[in-house]
There are 2 protein chains.
Amino acid sequence: MSDHLRLDDQLCFALYAASRAMTAAYAPVLEKLALTYPQYLAMLTLWEDDGLRVSRIGERLHLDSATLTPLLKRLEARDLIERRRSGDDERVVEVFLTAAGKRMKRQAAEIPRCMLEKFDMSIAELVQLRGQVKELTEKLRVTTSSNRS
Amino acid sequence: MSDHLRLDDQLCFALYAASRAMTAAYAPVLEKLALTYPQYLAMLTLWEDDGLRVSRIGERLHLDSATLTPLLKRLEARDLIERRRSGDDERVVEVFLTAAGKRMKRQAAEIPRCMLEKFDMSIAELVQLRGQVKELTEKLRVTTSSNRS
DNA sequence: CGATATCAAATCGTACACGATTGACTTGTG
DNA sequence: CACAAGTCAATCGTGTACGATTTGATATCG
């Protein structure tokens, strides 16, 4: 009967499916900026805080340098950002928005509202759902990092 | 003040982060079976319904043949499944569990309980959250597929 | 019957993800 | 100062994702 292995019953699959549906829903919106969703996240991070080093961007997005380095190189190739070796510490690479990168923030300003429409839910619902999803993420991170069995 | 472009405020980023944290939380559990999370999903699908064609698996997981074909080939290389061209229609490839693939279902039986512990939430909360996530996914799918602007 | 449309899976190209390693640089300790 | 330990970004290898095209098979229509 309930063998617990049913796909439809699993929260994890729901999250996995939601994440990909969300990326797909972003695609037409991001098309104007010619950004992928992860690239958009990197830009969001820099719009909040320009000049971050690679590892700081990684902390915010929970991505490591293996993912970020090529992604940032693509943004640099498009002249949206500049990657500079820090003078203080030659190991560190700091990432700065170019003029074009800063300009893009204005075009991106409408995106959250545009996505909000697609959600078709009240702000209260959204905030509540976001909170639950974040809480779950924290719990998963804790149990994963402490895994030594 | 609230420029709506703040990372922490975005439901989408929360989902994206949750999905990856979930995959990471699965990794130690799936290690015993030497499966990746998407491979596990394909096995789940077949444990529910053996002998599905590639496109049916794709419908359930919302993945296309470009993703599934190589994934299924890896499972076949490990002798967990068999891919057979249908006699009725040579275009169709049907996917069957091998004896080893069927045996694995028993080892996988503990996985949902194991993940449930990591969630650390009541069944009622889980069901409610899963429902909300699924609902959102449906809304995103509708708006994405009808996009012609 | 034969041209054409449709369909299923495979393939191609690009872009993440992430574990593991590398190499350059810095820091802490004796 | 010497040098081991630690840090940071880059690199490597493997495995998804997905848009677009291709290949082969079937269905449909004139």
Side-chain angles (χ1 to χ4, degrees), chain A residues 13 16-28 30-31 34-43 52-59 61-78 81 83-95 141 144-145 147, chain B residues 13 16-28 30-31 34-43 52-59 61-78 81 83-95 141 144-145 147:
Chain A
F13 177 62
Y16 167 77
S19 177
R20 288 188 301 116
M22 182 274 296
T23 304
Y26 257 104
L30 290 177
E31 202 173 18
L35 292 178
T36 64
Y37 183 66
Q39 287 168 4
Y40 170 67
L41 290 179
M43 294 302 288
L52 289 175
R53 54 170 71 179
V54 174
S55 56
R56 293 283 166 277
I57 301 175
E59 282 168 18
L61 304 182
H62 297 283
L63 291 171
D64 69 3
S65 66
T67 301
L68 282 175
T69 297
L71 186 155
L72 294 172
K73 279 184 178 176
R74 284 188 275 274
L75 293 177
E76 187 174 40
R78 289 188 46 207
I81 64 169
R83 294 156 63 248
R84 282 207 296 273
R85 220 88 219 187
S86 163
D88 282 358
D89 184 339
E90 282 285 331
R91 291 170 303 183
V92 171
V93 168
E94 291 165 338
V95 184
R141 291 221 175 93
T144 306
S145 63
N147 185 293
Chain B
F13 177 64
Y16 167 79
S19 177
R20 287 189 301 115
M22 183 275 296
T23 303
Y26 257 104
L30 291 176
E31 202 173 19
L35 292 177
T36 65
Y37 184 65
Q39 288 168 4
Y40 171 67
L41 291 179
M43 293 302 287
L52 289 175
R53 53 170 72 180
V54 173
S55 57
R56 292 284 166 277
I57 301 176
E59 281 169 18
L61 303 182
H62 297 281
L63 291 171
D64 69 2
S65 67
T67 302
L68 283 176
T69 297
L71 186 154
L72 294 173
K73 280 184 178 176
R74 281 180 209 108
L75 294 178
E76 185 174 42
R78 288 187 48 205
I81 65 170
R83 292 157 63 248
R84 282 207 297 273
R85 222 86 218 188
S86 163
D88 281 358
D89 185 338
E90 282 285 333
R91 290 171 301 184
V92 171
V93 168
E94 291 165 337
V95 184
R141 290 221 176 93
T144 304
S145 63
N147 185 292

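Proteins come first, then strands; the chains are lettered A, B, ... in the order of their sequence lines, and each starts at number 1. Computed from a predicted model, the values in this text were never measured in an experiment.
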Run the side-chain contact (heavy atoms from CB on, under 4.5 Å) test on A/T23 and A/T36 for me, step by step, so that the C-alpha distance in whole Å, both residues' side-chain angles and the decisive distance to 0.1 Å come before the verdict.
CA-CA 9 Å; A/T23 304; A/T36 64; over 6 Å; no
B/V95 and B/R56: side-chain contact (heavy atoms from CB on, under 4.5 Å), yes or no, with the steps?
CA-CA 10 Å; B/V95 184; B/R56 292 284 166 277; over 6 Å; no
Carefully, step by step, assess B/L63 and B/I57 under the rule side-chain contact (heavy atoms from CB on, under 4.5 Å).
CA-CA 8 Å; B/L63 291 171; B/I57 301 176; over 6 Å; no
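Contact check for B/R83 versus B/V54: no side-chain heavy atoms found under the 4.5 Å cut-off.
No donor-acceptor distance shorter than 3.5 angstrom exists from the side chain of B/R53 to the backbone of B/S86, with no hydrogens or angles considered. In this structure, the side chain of B/R78 engages the main chain of B/A34 through a donor-acceptor pair within 3.5 Å.
Under the side chain to side chain contact (heavy atoms under 4.5 Å, CB included) criterion, A/R91 pairs with A/D89, sequence neighbours left out. Applying the ring-ring contact (aromatic ring centres under 6.0 Å, His included) criterion to B/Y37, with sequence neighbours excluded, gives A/Y16, B/Y26. Residues satisfying the side-chain hydrogen bond (donor to acceptor under 3.5 Å, both in side chains) criterion with B/R84, sequence neighbours excluded, are B/E82.
If you walk DNA chain C from 5' to 3' and mark each nucleotide with an atom closer than 4.0 Å to a heavy atom of chain A, the marks span C/dA15 to C/dT26. When DNA chain D is scanned 5' to 3' for any atom under 4.0 Å from a heavy atom of chain B, the first and last hits are D/dG15 to D/dT26.
A/S55 comes within 4.0 angstrom of the backbone, heavy atoms only, and of no base. Residue-level contact check: A/S65 touches the bases, meaning some heavy atom is under 4.0 Å from a base atom. Nucleic acid contact class of A/R83 (heavy atoms, under 4.0 Å, all strands): sugar-phosphate only.
With the nearest nucleotide of DNA chain D identified for both A/V54 and B/R91, A/V54 has the one nearer the 5' end. Nearest-nucleotide positions on DNA chain C for A/D64 and A/G87 put A/D64 closer to the 5' end. The 5' end of DNA chain C is approached more closely, in terms of each residue's nearest nucleotide, by A/Y37 than by the other of A/Y37 and A/E90. Ranked by how close their nearest DNA chain D nucleotide is to the 5' end, B/D88 and A/T23 are led by A/T23.
Summarising the geometry of A/A25 relative to A/P28, their closest heavy-atom pair is O-CD, 3.4 Å, with the distance given to 0.1 Å. Residue B/A42 comes nearest to B/L75 through the heavy atom pair CB-CD1, 4.1 Å, listed as atom of the first residue, atom of the second, then distance.
Taken residue by residue, residues 66-75 of chain B places heavy atoms nearer than 4.0 Å to DNA chain C at B/A66, B/T69, B/K73.
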